[in-house]
Undergrad: 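A single structure is presented below for examination.
To find a chain, count down the sequence lines: A is the first, B the second, and so on, and within it residues start at 1. Everything numeric here is computed off the predicted structure, so don't read it as measured data.
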Amino acid sequence: MIERSAESLALQDQIDKCVHCGFCLPSCPTYMLWGEEMDSPRGRIYLMKAGREGRAQMTDGFVRHFDACLGCMACVTACPSGVQYGPLIETTRGQIDRQHPRPFADRLFRSAIFAVLPYPGRLRVALAPLAMWSSVVSRWSLVVGRRAPDDQRRTTVDQRRTTNDHRPSTIFTRLRAALALAPRVTFSSLFAPAVPERTPAIGERRLTVGLLTGCAQRVMFPQVNAATARVLAAEGCDVVAPAAQGCCGALALHAGRLDEARAFARRAIAAFEQPGVDRIGVNAAGCGSSMKEYGELLADDPAWADRARAFASKVRDASELVDELGPPRATRHPLKLRVAYQDACHLAHAQGIRQAPRDLLASIPGVELLPIAEADVCCGSAGIYNLVEPDTARQLGDRKAGCIAAVNPDVIASANPGCTLQIAAAARRRGEDVRILHPMEILDASIKGGW
Amino acid sequence: MDAAFVSELRRIVGTEHVLDDALELLTYECDALPHLRESPAAVVLPASAAEVQAVVRLCARHGVPFVARGHGTGLSGGALPVPGGLVIALARLNRVLDVDIPNQRVTVEPGVTNLEITKQVAPFGCYYAPDPSSQQVCSIGGNVAENSGGAHCLKYGFTTHHVLGVEAVLPDGELIHIGGTLVDTPGPDLLGLLIGSEGTLAIVTKIIVRILRRPEAVQTLLAAFDTIDAGGAVVSDVIGAGIIPAAIEMMDALAIKAAEAAVHPNFPPADTVLIVELDGPASEVKALFGLVHAICERRGATTIEVAQNDEQRARIWRGRKAAFAAMGRVSPNYYVQDGVVPRTRLPEVLNRIRQLEARSGLRIGNVFHAGDGNLHPLICYDERVPGEADKAVDVAAEILSYCIDAGGSLTGEHGIGADKSQYMPTMFTAEDLDLMQRVRCAFDPHGLSNPGKVFPTPRLCGEVPGPYRQHPAEAAGLAERL
Ligand SMILES: Cc1cc2nc3c(=O)[nH]c(=O)nc-3n(C[C@H](O)[C@H](O)[C@H](O)COP(=O)(O)OP(=O)(O)OC[C@H]3O[C@@H](n4cnc5c(N)ncnc54)[C@H](O)[C@@H]3O)c2cc1C
Ligand code: SF4
Ligand code: SF4
């Protein structure tokens with residue numbers, strides 16, 4: 001049933017590399033929740049293999065196990081055999097997308113996501129009603145802090161309560177989840193001014209950095225982009241933020257919508273191909289990881305392959321950049337803060353970046369970093385996962401929020417907008433009012449000497 | 001499997017925890033020995049001992065054979081399903097029930113991973129000693145069933161030396177408790193019988209293990225040699241000098257290459273490397289470590305690296321522990337064998353293996369617990385090349401025959417399972433095997449619990465092969481035929 005294109009033959013190598021040792025099982029969030037082999041990395045790879053051998057058909061059941069995968073890449077970190085699960089799941093999802101008819105409501109919901117999220121203009125329109133609502137709410141102070149019932153306040157989640165019902169979520173649960181996840185936007189945040197096209201370095205220039213302002217980041221967290229630009233400038237970077245840039249294509253890539261992802265990638269590459277841009281700085285983990293993959297994504301496109309590779313080699317996460325710049329130039333003013341740093345999967349597992357953001361935070365006098373349990377387990381956000389698989393995402397979100405609450409931080413540091421929304425929603429369910437900031441915002445505050 | 005049976009299963013554990021869709025069952029058809037495959041009729045995932053008990057009772061009533069499964073990392077096909085049978089997967093029985101630091105014991109359910117126990121007690125300066133390379137994933141239930149060991153078992157012993165008691169469900173559904181919270185309990189050592197029985201006697205549902213205090217000092221070195229003989233000589237010299245290292249491990253060039261590709265432990269490109277670790281009181285470790293260092297030098301070590309801190313030590317061990325699974329870096333498929341030879345015969349057997357490698361054309365990596373003489377030849381093959389998988393099996397069989405010839409054993413720690421049951425008669429006499437069968441019959445008269453494993457030919461209890469011959473134990477009045 002599975003196509004035998006050149007692309008899929010290359011993947012056979014990855015499948016063959018899996019020696020069925022199971023070392024990846026305990027790191028997989030869905031295996032952690034359900035303990036079922038077919039919802040483990042090893043099981044999923046086995047199903048892909050069975051598909052190729054003609055022993056499995058692309059039935060609803062088959063598709064369920066790939067829909068349930070978060071694409072968190074924890075299995076890649078765990079695998080001693082070096083199986084690259086990323087391309088495996090992306091290709092399998094692509095094949096599912098092309099060959100497996102989904103029910104109408106499911107199709108519609110997915111199309112809507114891909115028609116709205118990557119386009120800042122449309123996203124603003126979609127979020128506007130929420131902004132209106134929140135302005136009403138704040139005016140009448142309708143919301144009083146609610147506390148969750150005791151049993152939701154436990155710090156760990158008993159596996160016995162987490163059940164895989166092997167069924168896709170209904171449109172109603174999905175819509176409800178989307179509303180619960182939506183950021184607390186206001187009109188002023190929605191229409192905050194964009195980062196200027198050029199922010200000059202303070203003092204002698206060390207590098208010129210192109211800043212990806214992102215699609216969702218730009219609309220939901222404009223302050224993160226502003227802080228990133230300020231920090232990089234303070235550290236001696238000319239920061240350019242081309243207006244022509246759009247979405248980087250990460251959401252499409254991770255969902256296996258490869259052609260869509262390629263189109264986004266070409267546009268991003270073109271937007272940043274300006275003379276003198278040494279690095280492309282990214283402050284959203286999911287975007288950074290897919291931009292680093294542009295080389296492979298466009299490898300078969302002769303007109304773009306070289307440009308894509310050149311671009312990918314310049315991509316850095318913002319924390320990586322600060323680390324690369326060397327000894328801090330701007331003074332760090334003390335901030336008395338207990339910070340829990342949340343590892344975004346697309347930083348920790350996909351890009352192997354764990355230490356740089358921690359070092360960056362630890363360099364601020366007065367900041368105390370609190371280690372959280374299960375730090376390397378996905379929070380359930382996972383791109384569009386919490387929109388299409390809300391039940392599983394909620395279980396993982398609750399688990400994460402519990403681990404964070406156990407250390408009782410003043411601030412949660414999160415370097416990915418998806419995680420920020422997901423953890424905020426989970427904390428709200430617990431009746432907690434938490435403060436979640438991007439590490440760049442914290443560093444910015446330290447450099448400015450206050451919030 | 002009839003519908004009534006399945007719906008009864010669903011009633012016991014809940015609908016979602018019974019899998020009978022052909023596609024899902026596929027993923028349960030093998031463990032970490034993927035060339036042996038068999039699809040089960042259904043998989044059930046109970047969440048408590050009571051549910052296990054109810055499921056086993058149901059099987060007993062319907063005469064349905066069942067196989068316990070932990071996390072499926074077994075290397076001898078122990079968790080290979082039985083045709084038409086049920087897999088009882090224990091992954092959801094994963095609670096740590098009690099951590100008792102003052103009495104140095106921990107009580108867990110069988111699905112808890114080996115490493116989780118150490119994680120639980122590490123903040124108190126303790127650890128769980130048996131450390132299979134698969135410790136991050138293998139279940140304690142699986143460890144008990146296989147009597148698993150690891151690099152540090154030379155000094156600290158195998159699983160059987162660290163389990164104080166278990167709760168288990170017998171094949172008729174009865175819940176029993178063996179051993180307890182103390183190091184010894186009156187009566188025959190039933191615990192010893194159960195540990196290593198590979199799921200053929202009972203399903204373990206709760207385990208009480210002993211934990212140890214972290215030793216005061218640990219010293220580790222990595223020495224490289226030009227020949228296996230030189231490495232082997234060091235092992236003999238160290239042990240001959242009366243030193244019991246915490247671990248003494250050897251790897252050959254191919255294994256080094258795979259580990260290097262996987263986790264970059266920075267091993268020297270040598271024919272053989274030896275990892276020696278000493279632990280204990282600081283003064284003792286210091287003195288003995290100097291001796292070990294001198295022995296390595298005397299035997300011509302080309303490089304000796306001493307780990308300067310925990311980070312460096314962890315890096316060395318990462319290289320060793322990733323070695324099997326890392327074979328995926330150098331070969332599409334591999335087959336790990338597990339045999340034991342007397343320590344002094346190690347170099348001779350290894351040289352025979354190298355000749356076999358040249359003759360067969362299949363590359364063979366070697367990673368082994370040198371102190372115990374426990375070999376793990378890694379036979380590389382490509383299942384897409386017709387005939388290679390079978391050839392790998394033949395090569396493995398030949399290696400095992402070398403072990404037996406040298407007065408060794410068929411398995412050091414991975415168990416017999418489905419993989420090696422046919423070789424049992426090369427190691428045991430018909431009488432010995434018969435006695436084992438009768439013990440099994442005492443626990444499982446209807447042969448429902450993991451049938452077809454361990455013993456060469458599945459037999460019904462009471463069935464006697466060939467003409468009746470009295471077993472010496474029977475003659476001595478110690479056993480009787482059921
Ligand atoms: C890369 C790799 C490295 C390894 N290294 C080592 C090593 O260094 N040392 C070592 O000893 N082993 C090693 N192993 C083998 C394996 O990890 C062990 O045998 C382990 O104990 C199996 O545990 P499991 O949970 O995966 O059991 P499974 O594979 O699921 O089952 C193994 C056997 O145990 C039985 N069983 C499982 N749970 C129960 C229970 N609760 N009650 C009764 N029977 C049960 C099954 O029926 C089966 O017969 C390694 C395996 C791999 C893949
Ligand atoms: S750890 Fe790697 S090789 Fe082992 S089962 Fe998982 S994906 Fe396969
Ligand atoms: S990507 Fe994450 S959820 Fe998917 S198989 Fe790997 S570990 Fe599991």
Undergrad: So which part of A/Arg55 gets closer than 4.5 Å to some heavy atom of chain B, the side chain, the backbone, both or neither?
TA: both

Undergrad: What part of B/Arg384 lies closer than 4.5 angstrom to a heavy atom of chain A: side chain, backbone, both or neither?
TA: side chain

Undergrad: Are any of the side-chain heavy atoms of B/Asp21 and A/Met38 separated by less than 4.5 Å?
TA: no

Undergrad: Can you name the closest pair of heavy atoms from B/His71 and A/Tyr31 and give their distance?
TA: ND1-OH, 2.7 Å

Undergrad: Considering only heavy atoms, which portion of B/Glu29 lies under 4.5 Å from any heavy atom of chain A: side chain, backbone, both, or neither?
TA: side chain

Undergrad: What part of B/Cys30 is in contact with chain A, defined as an atom under 4.5 angstrom from a non-hydrogen atom: side chain, backbone, both or neither?
TA: both

Undergrad: Is a donor on one side and an acceptor on the other found under 3.5 Å between the side chain of A/His20 and the backbone of B/Leu33?
TA: no

Undergrad: Answer whether the closest heavy-atom distance between the side chains of B/Glu16 and A/Trp34 falls below 4.5 Å.
TA: no

Undergrad: Counting heavy-atom pairs under 4.5 Å to chain A, which of B/Pro332, B/Ala326, B/Ala258 comes out on top?
TA: B/Ala326

Undergrad: Tell me, side chain or backbone of B/Ala89 under 4.5 Å from chain A's heavy atoms, or both, or neither?
TA: neither

Undergrad: With only heavy atoms counted, which part of B/Asp31 is less than 4.5 Å from chain A, the side chain, the backbone, both or neither?
TA: backbone

Undergrad: Quick one: of B/Arg318, B/Arg69, B/Glu116, who has the most non-hydrogen atom pairs under 4.5 Å with chain A?
TA: B/Arg69

Undergrad: Quick check: closest heavy atoms across B/Tyr28 and A/Glu36, and the distance to 0.1 Å?
TA: OH-CA, 3.5 Å

Undergrad: With no hydrogens and no angle check, is any side-chain donor or acceptor of A/Tyr46 less than 3.5 Å from a backbone partner on B/Leu26?
TA: no

Undergrad: Measure distances from B/Leu90 to the heavy atoms of chain A and classify the residue's part below 4.5 Å as side chain, backbone, both or neither.
TA: neither

Undergrad: For residues B/Leu23 and A/Leu47, report the shortest heavy-atom separation together with the two atoms involved.
TA: O-CD2, 3.7 Å

Undergrad: To check you understand the geometry: which heavy-atom pair defines the closest contact between B/Ala262 and A/Pro80, and what is its length?
TA: CB-O, 3.0 Å

Undergrad: Between A/Lys49 and B/Glu383, is the closest basic N to carboxylate O distance under 4.0 Å?
TA: yes

